[in-house]
Amino acid sequence: MVKVLFFGTPEIAVPFLHWLSQHSNVVGVVCRPDEPVGRGYELTPPPTKVFADKKGIPVFQPAGPWDSKIIQSLSDTQADIGIVVAYGRILPRSVFSIPKAGCVNIHFSLLPQYRGAAPMQWALINGENETGVSAFWIEEGLDSGPLFHQGAVSISPDDNATLLQAKLVPLGLRVLKQVIEDAEKGNWIRTPQTGKVSVAPLLKKEMGAIDWQQPSQKIVNLVRGLCEWPVAYTFISPRTGERKQLKILKSRVLNEKSTGPSGVITDAVKDQGLVVQTGEGQVLLLEVRPAGKKTMSAWSFWQGAGLRLGDKLG
């Protein structure tokens, strides 16, 4: 049974660690340090650490430079291969070369498309119809190493970051299965990446600001891609109160050809939401989160927001 050193930190990495714990010999889990969480800033272990502790798998949590002590500890695991899923830290050669065969990263895109930190989100923001999962060998470069295995999945118009992740995780597990099966046979596939390179940089809070002068489809794609974080937002100015932020979690294109002053509320559709004019077409807001409140339907928000038709967002 192949010996795996696993690198991964957040919840999305847990299904992969779980599968490996059943189908390989996981000799160690490397994750980020415990972090303060919530209003009480309670020190909380990463999800992968919680899983590893329950399974009795050794856990390593390097917090600073990769010093000789931690590198020796990882070397002592005598891993055959490293599997990386959303670890959250760039691995230097001194680390990714520790396993005998090297380290393979499970990346949520069809490389060389969307190299970087947020491939799922950028695929949605850019309106892609297809994405996938790539298992590639880590080298000194941004997600540029040769491919081990790859799988594709379609993106539907209704998919957002949450729904797309739900598609990509099972696909990623199938790709991981192929990797481990070939690793057990000593079949170390290394296929060079080919095609047009694109990047998926880290998401930033300011990216969520909606520019209502953009076309309706572009605005809806932004909402889809940022629905988990940082969430697309605009501002409202109720006649009964001060200007406040309004986060948009779900929307759809109502039409793509209408024209008029951008950002203006043109209609309120009963039991659905608000119609907003964009630079090209209209968007129907379906789900929103007002400042200081919980997520609600846009129709419920409209009923108590103190807004009127003709008011402008932004």
Side-chain angles (χ1 to χ4, degrees), residues 2-33 35 45-55 57-62 74 77 79-92 95-96 98-99 101-111 114-123 131-139 142-153 161-162 164-183 189 200 202-203 228-229:
V2 65
K3 292 191 288 185
V4 174
L5 182 60
F6 185 82
F7 296 79
T9 299
E11 192 64 42
I12 194 173
V14 173
F16 296 88
L17 177 55
H18 183 214
W19 188 90
L20 287 167
S21 72
Q22 296 177 319
H23 300 89
S24 69
N25 178 13
V26 182
V27 294
V29 169
V30 186
C31 59
R32 299 297 300 274
E35 292 186 348
T48 49
K49 178 183 179 181
V50 173
F51 181 90
D53 285 344
K54 288 179 180 178
K55 294 291 184 179
I57 302 171
V59 175
F60 306 91
Q61 292 179 278
L74 297 181
T77 65
D80 297 310
I81 188 172
I83 299 294
V84 184
V85 184
Y87 172 52
R89 186 179 180 185
I90 294 174
L91 300 183
V95 175
F96 69 69
I98 287 174
C103 285
V104 171
N105 193 339
I106 304 297
H107 187 78
F108 296 101
S109 82
L110 293 173
L111 291 173
Y114 296 110
R115 294 176 177 174
M120 289 187 292
Q121 293 87 343
W122 280 104
T131 188
V133 175
S134 301
F136 73 94
W137 293 95
I138 293 179
E139 61 177 23
L142 179 62
D143 302 339
S144 59
L147 299 172
F148 202 145
H149 282 293
Q150 198 171 51
V153 68
T162 303
L164 184 56
Q165 179 176 309
K167 288 183 177 181
L168 288 174
V169 168
L171 174 62
L173 291 171
R174 292 196 293 273
V175 170
L176 178 61
K177 181 175 183 290
Q178 292 177 301
V179 167
I180 295 303
E181 287 177 350
D182 276 323
I189 300 169
L202 196 67
L203 300 178
E228 293 188 343
W229 193 91

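Just the heavy atoms: all of them, side chains too, but no hydrogens, waters or symmetry mates, feed the values below. Throughout, residue positions are numbered sequentially from 1 according to the sequence presented.
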For R115, side chain to side chain contact (heavy atoms under 4.5 Å, CB included) partners two or more places apart: L111, P112, L142, D143, S144, Q193, V197
Whether H18 and F51 hold their rings parallel, tilted or perpendicular, with breakpoints at 30° and 60°: perpendicular
Close side-chain approach of K177 to L173, heavy-atom, < 4.5 Å: no
Point-to-point distance, once rounded to the nearest 0.5 Å, from CD of Q121 to OH of Y114: 11.5 Å
Minimum side-chain heavy-atom gap V29-K49 below 4.5 Å: no
Taking every non-hydrogen atom, the tightest pair across H107 and G116: CE1-O, 3.1 Å
Considering all heavy atoms, the nearest V133-L110 contact: N-CD2, 4.4 Å
For S134 against S109, the heavy-atom pair lying closest together: OG-O, 2.6 Å
Close side-chain approach of V84 and F136, heavy atoms under 4.5 Å: no
Closest non-hydrogen atom pair, P45 against V50: CG-CG2, 3.7 Å
Heavy-atom pair with the smallest gap, counting every atom of K55 and S21: CE-OG, 4.5 Å
Flag side-chain contact, heavy atom, 4.5 Å: D80 against V4: no
T9 (side chain) donor-acceptor with G88 (main chain) under 3.5 angstrom: no
Euclidean distance, T131 OG1 relative to W122 CH2, rounded to 0.5 Å: 14.5 Å
Point-to-point distance, once rounded to the nearest 0.5 Å, from OH of Y87 to CD1 of I138: 11.0 Å
Interatomic spacing from CD1 in I189 to CZ in F148 - rounded to 0.5 Å: 5.5 Å
Check against side chain to side chain contact (heavy atoms under 4.5 Å, CB included), F7 and L91: CA-CA 10 Å; F7 296 79; L91 300 183; 4.0 Å; yes
Minimum side-chain heavy-atom gap Q61-P46 below 4.5 Å: yes
Test log, rule side chain to side chain contact (heavy atoms under 4.5 Å, CB included), inputs V95 and V30: CA-CA 11 Å; V95 175; V30 186; over 6 Å; no
Steps toward side chain to side chain contact (heavy atoms under 4.5 Å, CB included) verdict (D182, H149): CA-CA 10 Å; D182 276 323; H149 282 293; 2.6 Å; yes
Residue pair P99 / K3, side-chain heavy-atom distance below 4.5 Å: no
Step-by-step side chain to side chain contact (heavy atoms under 4.5 Å, CB included) determination, F6 to I57: CA-CA 10 Å; F6 185 82; I57 302 171; over 6 Å; no
Distance (rounded to the nearest 0.5 Å) between S24 OG and E181 CD: 12.0 Å
Main-chain N/O of G8 paired with T48 side-chain donor or acceptor, under 3.5 Å: yes
V85 to A13 - nearest heavy-atom pair and separation: O-CB, 3.4 Å
R174 side-chain N/O to G151 backbone N/O, donor-acceptor pair under 3.5 Å: no
M120 side, atom CE; I12 side, atom CD1 - distance, nearest 0.5 Å: 4.0 Å
